[in-house]
A.B. asks: 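Have a look at this one.
Both backbone and side-chain heavy atoms feed into the values below; hydrogens, waters and symmetry mates do not. Positions are given from 1 along the sequence. Note that the structure is a prediction, hence the values are computed from the model and not measured.
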Amino acid sequence: MKISKEKFGQSLDALSSDYQLIAPVSEAGGVNYKTIKSFSDIKQDYLNSKLPPKSIFFPQHEKLLSYVKEGKNVTVKNELQAEKTILFGMRPCDAKGLLLLDKVFKNDQYQDPYYYERRDNTVIIGVACRKIAPTCFCSSMGLSPASSEGADIFLIDLGDSYDVEVITEKGNALFSDLRLSELTAQEQALVDAIKSAQTTSQVDVSTITSKLDKMFNNAYWDSLQEKCLGCNTCSFSCPTCHCFDISEEVHQNAGSRVRTWDACMAPLFTLHGSGHNPRNSQDARWRQRMMHKFNYFVHNNGDMACVGCGRCIRSCPVNLDMRQAIDGVNKAELVVE
């Protein structure tokens, strides 16, 4: 079923009085997700955003609470802000990334209210990829450029219209009044072609988890880290990385508790108060990155913490390629200890 972009845009604009609208827009450094006022502000034709939209739910820097001390009395204020939001244009890799973050922040054992309040208040409109970047390898990670997993409504761009799939009750409740029409035979053929598309770049992750079980002390980690600068760009541009630091910012009798992104690739991330650092070398930090994404996360959550978006490949200043790192693990020789 389809709807013209004009009519879909009108429906979206009509919701702007009740919802914050966030969508991809063009900036000097590329495409990023920003608050918009109108459907006309949206960048329609793009490969993917420079940074993942995870920051909408898990901000790079956020104040969790603030407090004021007056004598013996302490007043604490929860700083959580979770506006009703419509997030338009999320690519399949990023929608899957959110499902992986859910396993960390919104599961049966732990619930982070700062994350899940935003998640629960957001309707996600996913859009299939019509163009595929040479660095994308989502097909190797169990996805495709037209995977609808993680979206409430999923769209395929047909030019002047969208093919529309309403997936969840949340999506249906918001757009129940959309007047859809049947696809023409030509449009259906285009939809089928987009849904069957695969990334040209492929990696083999079929045995990487079991291989990594036996590679903790492998010499491969030393060769892998040789050209890494330790800049953390790969972590900060990743849709699934979720490490953070919490600090207290105090001035006289008032202060706040702040959460800020951190990364396992940073030298100070594992520094103990004693001065000891169990991961004091770049090879140990690269081992942690690979182990966490392709081994630890699988054992703990049943899925790999990589969606093949290729951002870490595109953004690395020394061209350290995750696909080559995966291939290196596959080819590494196991040493009997």
A.B. asks: Taking the basic N atoms (NZ, or NE/NH1/NH2) and the acidic carboxylate oxygens, is any pair closer than 4.0 Å for D120 and K106?
C.D. replies: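 Salt bridge flag = yes for K106 with D120.
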A.B. asks: Should we count NE2 of H272 as having more than 12 external heavy atoms under 6.0 Å?
C.D. replies: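 Count over threshold, so yes.
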A.B. asks: Between F154 and V164, is there a shared hydrophobic cluster once you connect ILVMFWY residues whose side-chain heavy atoms come closer than 4.5 Å?
C.D. replies: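 Per the 4.5 Å side-chain linkage, F154 and V164 are not co-clustered.
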A.B. asks: Do the side-chain N and O atoms of T199 and S201 include a donor-acceptor pair separated by under 3.5 angstrom?
C.D. replies: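 No - no donor-acceptor pair under 3.5 Å links their side chains.
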A.B. asks: Could you see if Y162 belongs to whatever hydrophobic cluster contains L158? Use Ile, Leu, Val, Met, Phe, Trp, Tyr and a side-chain cutoff under 4.5 Å.
C.D. replies: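 The answer is no; the residues belong to distinct hydrophobic clusters.
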A.B. asks: Does K131 NZ have over 12 foreign heavy atoms under 6.0 Å away?
C.D. replies: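 No - once you tally the heavy atoms of other residues, nucleotides and ligands closer than 6.0 Å, there are 12 at most.
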A.B. asks: Between Q20 and T85, is there a side-chain donor-acceptor contact under 3.5 Å, judged purely by atom types and distance?
C.D. replies: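 Indeed, the side chains of T85 and Q20 share at least one donor-acceptor pair under 3.5 Å.
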A.B. asks: Salt-bridged, E27 to K34, with N to O below 4.0 Å?
C.D. replies: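 Yes, this pair counts.
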A.B. asks: Report yes or no: do T270 and N277 form a side-chain donor-acceptor pair below 3.5 Å?
C.D. replies: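 Yes.
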A.B. asks: Is there a donor in the side chain of Q288 and an acceptor in the side chain of R285, or the other way round, less than 3.5 Å apart?
C.D. replies: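 Checked: Q288/R285 side chains show no N/O donor-acceptor pair below 3.5 Å.
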A.B. asks: At what distance, to the nearest 0.5 angstrom, does CG of L190 lie from OG1 of T184?
C.D. replies: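 Atom-to-atom, L190:CG and T184:OG1 are 9.0 Å apart.
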A.B. asks: For F236, is there any backbone N or O sitting under 3.5 Å from a side-chain donor or acceptor partner on R311?
C.D. replies: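 No, R311 side chain to F236 backbone: no donor-acceptor pair under 3.5 Å.
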A.B. asks: So for atom CD, which belongs to Q188, do other residues, nucleotides or ligands contribute more than 12 heavy atoms lying within a distance under 6.0 Å?
C.D. replies: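 For Q188, atom CD is crowded (more than 12 foreign heavy atoms under 6.0 Å).
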A.B. asks: Examine distances only and state if a side-chain atom of R314 and a backbone atom of C309 form a donor-acceptor pair shorter than 3.5 Å.
C.D. replies: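 Present.
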A.B. asks: Can you say whether the rings of H292 and F297 are parallel (under 30°), tilted (30 to 60°) or perpendicular (over 60°)?
C.D. replies: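 Judged by the thresholds at 30° and 60°, the geometry between H292 and F297 is perpendicular.
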A.B. asks: Does D303 offer a backbone N or O that forms a donor-acceptor pair with the side chain of N301 under 3.5 Å?
C.D. replies: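 No, because the side chain of N301 does not come within donor-acceptor range (under 3.5 Å) of the backbone of D303.
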A.B. asks: Please confirm whether R287 makes a cation-pi placement over F216, using NZ or CZ under 6.0 Å from the six-membered ring centre and within 45° of the ring normal.
C.D. replies: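 Because its charged atom sits under 6.0 Å from the ring centre and within 45° of the axis, R287 does stack over F216.
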A.B. asks: Please answer: with hydrophobic residues joined when any side-chain heavy atoms are less than 4.5 Å apart, are I22 and L80 in the same cluster?
C.D. replies: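 Same cluster: I22 reaches L80 through Ile, Leu, Val, Met, Phe, Trp or Tyr contacts under 4.5 Å.
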A.B. asks: Using only heavy-atom distances, determine whether the side chains of D283 and Y220 contain a donor-acceptor pair under 3.5 Å.
C.D. replies: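 On atom types as modelled, these side chains do not qualify, holding no pair under 3.5 Å.
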A.B. asks: Same cluster or not: are M322 and L224 linked, directly or through other Ile, Leu, Val, Met, Phe, Trp or Tyr residues, by side-chain heavy atoms under 4.5 angstrom apart?
C.D. replies: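 Shared cluster, yes.
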A.B. asks: Please table the atom pairs, donor to acceptor, closer than 3.5 Å between any side-chain atom in residues 169-178 and protein atoms at least two apart or in another chain.
C.D. replies:
residue: K170; atom: NZ; partner: R119; partner atom: O; Å: 3.4
residue: K170; atom: NZ; partner: T122; partner atom: O; Å: 3.0

A.B. asks: Is the number of heavy atoms from other residues, nucleotides or ligands under 6.0 Å of K7 NZ greater than 12?
C.D. replies: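 Result for NZ/K7: open.
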A.B. asks: Does D41 reach the main-chain N or O of K37 with its side chain, forming a donor-acceptor pair under 3.5 Å?
C.D. replies: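 Present.
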A.B. asks: Are more than 12 heavy atoms from other residues, nucleotides or ligands located less than 6.0 Å from atom CZ of R323?
C.D. replies: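 Result for CZ/R323: enclosed.
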A.B. asks: Would you compute the distance between atom CG of L21 and atom CD of E83 and round it to the nearest 0.5 angstrom?
C.D. replies: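 L21 atom CG to E83 atom CD measures 10.5 Å (nearest 0.5 Å).
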A.B. asks: Can you tell me how far the OG atom of S144 sits from the CD1 atom of I194, to the nearest 0.5 Å?
C.D. replies: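 Nearest 0.5 Å value for the OG-CD1 distance: 11.0 Å.
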A.B. asks: More than 12 foreign heavy atoms under 6.0 Å from NZ of K5: is that the case here?
C.D. replies: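 Atom NZ in K5 is packed in, count exceeds 12.
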A.B. asks: Using modelled atom types and a 3.5 Å cut-off, is there a donor and acceptor pairing between side-chain atoms of N330 and backbone atoms of V205?
C.D. replies: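 No, N330 side chain to V205 backbone: no donor-acceptor pair under 3.5 Å.
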A.B. asks: Students often mix this up, so state it plainly: with edges at 30° and 60°, are the rings of F58 and F105 parallel, tilted or perpendicular?
C.D. replies: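 Tilted, since the angle between the ring planes falls between 30° and 60°.
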A.B. asks: Would a hydrophobic clustering, with Ile, Leu, Val, Met, Phe, Trp and Tyr connected at side-chain separations under 4.5 Å, put I153 with L180?
C.D. replies: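 The answer is yes; both residues are in one hydrophobic cluster.
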